[in-house]
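Report on one structure; see the data block that follows.
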Amino acid sequence: MEIITKCDYLPLAVKVMGGLLRQKTARRREWENVLNDSIWSVSQMPEELNYAIYLSYEDLSSSLKPCFLHYSLLPKSRVFLDCEIIGMWISEGFVHGTSRDLEEIGKEYYDELIQRNLIEPDISYVENVLCNMHDVVRSFAQYLARNEALVAQNNKADIADKINSQKFLRISLETRGSESDELEWYSLQGQTSLRTLLSVGPIKIKPGDSFLGFSNLRTLYVEDANFDALVEYLNQLKHLRYLSIKETNTSRLPGSIGNMKFLQYISLLGCKSLVNLPSSIVKLQHLRFLRLRDTGISSIPKGFHGLTNLRNLRGFPAHMDGDWCSIEELGPLCQLTYLTISGLENVSSSSFAKKARIGDKVRLSHLCLECTSRIEHDGQLVKDEEGIPEEQQQQIEEVFNELQPPSGLENLAIRGYFGQLLPRWMMSTALVPLGSLRNLMMDDLACCTELPNGLCQLPCLEFLQIMHAPAIKRVGPEFLQPNHHCHNHSQVGVSFPRLSELNFEGLVEWEEWEWELQVKAMAILEKLKLNKCKLRRVPAGLAFHARALKKLYIYDVKHLSSLENFTSVVHLDVFKNADLERISNLPKLQKLAIVMCPKMKVLEGVPALQKLSLEDYDMETVPRYLQDVTPRQLLLDCSLPLLTSIAAGKTSCEWDKFKHIQQVKAYAGDEGVGRKRYVLYTRDSFRLETNISHSAIAEGRMARIDLTFYACEKTCTIEDECLVGRRTSTGKRQPLCLRFRCNAYRYLILWLRGECPHCNEADDLAPSSDQWTEAAVYSACRRIRRQI
């Protein structure tokens with residue numbers, strides 16, 4: 001508690017101190033050393049410095065400190081993957097090593113920053129490939145680096161003034177605005193000591209601009225800029241190690257790029273105007289990273305196999321040139337740890353695929369095999385009168401069979417595959433090649449009619465995602481038990497023993513999932529997502545065996561009518577499930593979101609529910625199932641007429657449905673602005689706030705009265721009843737329910753709207769219809785008056 005007190009109870013400071021203490025042993029003396037460190041006693045600490053962060057920074061190794069400071073220079077508005085950041089660290093000389101790969105050491109540095117809570121992983125990405133730095137931590141690091149590094153944003157004049165104020169080793173610029181507001185490239189020419197330039201956004205380049213003033217530049221990162229005019233001068237950067245020109249208009253690289261002998265990292269991501277690589281690129285013997293994804297490049301020069309120092313190759317295009325195939329060039333590249341091959345449908349023979357020697361690349365941990373997608377936006381196969389010819393399907397199957405990965409592979413992605421059967425090395429008879437696999441993603445499986453039956457036996461598989469497989473209609477027992485058809489077979493161990501996350505998305509024709517209760521599987525599954533399919537029911541085996549399941553997401557699943565008996569789930573999202581009617585027996589459920597599920601009627605068996613979110617702009621009333629649950633908080637997004645009714649509070653016919661909930665926040669759009677109107681209700685202090693006017697509430701009340709009266713006339717099943725009322729004309733007949741409402745409105749209009757026995761809105765106001773007599777009606781009316 002003393003350390004927490006030193007942190008002033010600030011969550012970020014406590015978190016950073018926790019990261020620091022994690023690096024220490026559990027011995028009392030080491031923790032006391034942290035508590036008694038002299039840094040806590042520094043007086044007049046600058047505003048930008050936080051004691052806890054400063055203490056954590058001082059505890060970093062001399063190698064890690066510059067990496068931490070460098071991370072703070074990255075423009076906040078853009079995404080930087082771990083490989084990009086580590087590549088910059090290597091280019092700057094922050095990472096040193098001999099016996100092991102520099103990338104491995106850099107990844108250790110990156111992971112330590114995570115462990116110390118100085119950067120935080122984005123949980124939407126696997127493997128911690130994307131992290132964020134808290135603004136307070138970022139400001140701290142930028143303050144420490146202020147004498148060597150400039151971080152500037154947006155304002156052209158402000159940036160120019162800072163650039164002219166002193167010489168920097170590193171500059172990070174982030175600009176926005178019209179062409180007239182663009183920063184001029186010429187204004188940077190005076191920074192002759194510059195080693196790193198990060199520029200995001202437009203920058204004005206004029207004739208005569210070049211790189212002559214940047215003879216010391218090691219790292220050049222330019223994104224989203226008009227860069228084509230400067231490309232021809234890149235060879236002036238004799239010491240450049242890192243070149244990234246993402247999302248620029250670059251249409252060519254200098255033909256002499258092979259003379260830039262120190263280049264280690266090249267990223268051309270998103271350069272769609274770039275269609276060719278200069279042949280001299282094969283001379284870059286120190287090249288470790290090359291990214292060609294989302295460019296116009298469809299071929300590579302012969303001799304590419306000479307780049308034997310490559311570790312990371314992304315977007316390598318497979319293409320044919322006579323009897324030569326580009327993937328032959330991959331054979332000698334035995335240092336690869338990350339490989340993405342695109343355009344595999346262009347490979348004319350499996351013999352070419354064999355020459356790529358994928359299985360011999362023992363250091364390979366990430367592999368992505370891609371064909372051009374055959375799936376349309378609606379998840380269905382591209383419309384073609386003849387479909388995909390059978391011979392093409394067989395050919396791609398043979399090609400993929402020869403791309404068997406090494407046994408140490410940890411991450412595999414298959415995209416655009418259009419064979420009927422998945423590769424042999426994914427089946428139960430060939431498990432050895434995938435024994436280390438941890439993450440598997442399969443997307444755009446145009447013709448696959450069944451899932452591979454060997455996945456359930458993979459001992460290390462943690463993440464499985466299958467997307468856009470329109471030919472799959474059934475997932476049978478072989479998915480969980482490959483030898484289920486053998487009469488004398490008994491299950492050995494648990495299927496999918498390490499799987500923690502499973503996603504099925506875009507299996508638009510999937511209707512059936514078989515999982516027999518006696519088949520043990522997915523014992524540690526924590527997260528499941530089902531999206532865009534026709535599954536009629538979730539198998540009972542899932543709810544019975546997946547006892548660790550915490551998060552369940554059900555999106556746009558047609559025909560699914562109920563979700564029941566998930567006893568461990570704490571977070572459930574249901575979205576656009578047109579036929580969902582019932583959610584029950586989720587005893588640990590704490591957070592529930594129901595979005596556009598119009599048939600939803602029953603919500604029960606959720607005693608732990610804390611937060612309920614409802615979103616449906618077509619519903620006319622608040623759902624009655626709210627009366628059966630007691631969440632602490634209700635978040636409701638609805639139509640403006642319904643919100644107006646809710647705003648009436650105790651006089652609203654919706655009041656009884658939500659009055660027992662501790663906190664209600666209800667919103668509706670108005671005049672094209674989302675959530676412009678609101679109602680906020682707190683039960684214990686009885687506060688009801690709204691920005692809907694009293695006149696609008698009154699108008700809404702009358703409109704709903706008229707609507708309800710009309711609906712009763714249309715829907716009431718009592719079409720012909722005995723006369724009611726002493727002054728009623730003997731020649732006039734009308735439905736009793738409607739007549740009863742007419743007589744009673746003068747006493748209690750709104751209350752009665754919720755009590756009509758013939759519209760199934762009341763239980764005990766009056767006896768059954770065959771007992772409705774004049775005396776019974778007057779007795780009921782007298783009871784109403786007594787309640788007013």
Please give me the minimum heavy-atom distance between Ala446 and Ala471, naming the atom from each residue.
O-CB, 4.0 Å

Assess the residue pair Phe400 and Ile414 against the criterion (side chain to side chain contact (heavy atoms under 4.5 Å, CB included)); give the C-alpha distance rounded to whole Å, side-chain angles, the decisive distance to 0.1 Å, and a yes or no.
CA-CA 10 Å; Phe400 270 67; Ile414 295 177; 4.0 Å; yes

Less than 4.0 Å between a side-chain N and a carboxylate O, is that true for Lys532 and Asp556?
no

Would you say Arg632 has more than 12 foreign heavy atoms packed within less than 6.0 Å of its CZ?
no

What do the steps show when you test Val126 against Asn411 for side chain to side chain contact (heavy atoms under 4.5 Å, CB included), and what is the final call?
CA-CA 10 Å; Val126 297; Asn411 301 273; 5.5 Å; no

Check: Ser645 main-chain N/O paired with Ser652 side-chain donor or acceptor under 3.5 Å:
yes

I'd like to know if the side chain of Glu397 reaches the main chain of Leu421, judged simply by a donor and an acceptor atom lying under 3.5 Å from each other, with no hydrogens or angles considered.
yes

The side-chain contact (heavy atoms from CB on, under 4.5 Å) partner of Leu530 among Trp510, Tyr555, Tyr553 is Trp510

Give a yes or no on whether the ring-centroid distance for Phe479 and Phe496 is below 6.0 angstrom.
yes

Any sub-3.5 Å donor-acceptor pair from Asn577's side-chain atoms to Val557's backbone N or O?
yes

Would you mind listing every salt bridge (Lys or Arg N to Asp or Glu O under 4.0 Å) that reaches into residues 633-642, with sequence neighbours excluded?
Asp637-Arg675

Heavy-atom neighbours of Lys551 NZ exceed 12 at 6.0 Å:
no

Tell me whether Glu654 contacts the main-chain N or O of Thr621 through its side chain, where contact means a donor paired with an acceptor under 3.5 Å.
no

Would you call Lys473 and Glu512 a salt bridge, taking side-chain N to carboxylate O under 4.0 Å as the test?
no

So, do Met442 and Pro452 sit near enough that their side-chain heavy atoms are less than 4.5 Å apart?
yes

Check ion pair Arg536-Glu511 (N to O, under 4.0 angstrom):
no

Sub-3.5 Å donor-acceptor pair from the side chain of Ser495 to the main-chain atoms of Gln481, do we have one?
no

Would you call Lys529-Glu501 a salt bridge at under 4.0 Å N-O?
no

Donor-acceptor pair, Gln420 side chain versus Gln393 backbone, under 3.5 Å?
no

Strictly distance-based, threshold 3.5 Å: is any side-chain N or O of Asp444 a donor or acceptor partner for the main-chain N or O of Gly416?
no

Exactly one of Ile119, Ile114, Asp122, Ile123 should register a side-chain contact (heavy atoms from CB on, under 4.5 Å) with Asn128. Which one does?
Ile114

Whether Trp513 and Trp515 hold their rings parallel, tilted or perpendicular, with breakpoints at 30° and 60°
tilted

Residues 676-688 side chain polar contacts: donor-acceptor under 3.5 Å, at least two apart:
residue : atom : partner : partner atom : Å
Lys676  : NZ   : Glu671  : OE1          : 2.5
Arg677  : NE   : Asp670  : OD2          : 3.0
Arg677  : NH2  : Asp670  : OD2          : 3.3
Tyr681  : OH   : Lys659  : O            : 2.7
Arg683  : NH1  : His660  : O            : 2.8
Arg683  : NH2  : Gln662  : OE1          : 3.1
Arg687  : NE   : Glu689  : OE2          : 3.3
Arg687  : NH2  : Glu689  : OE2          : 2.4

Ion pair Glu581/Lys599, N-O distance below 4.0 Å
no

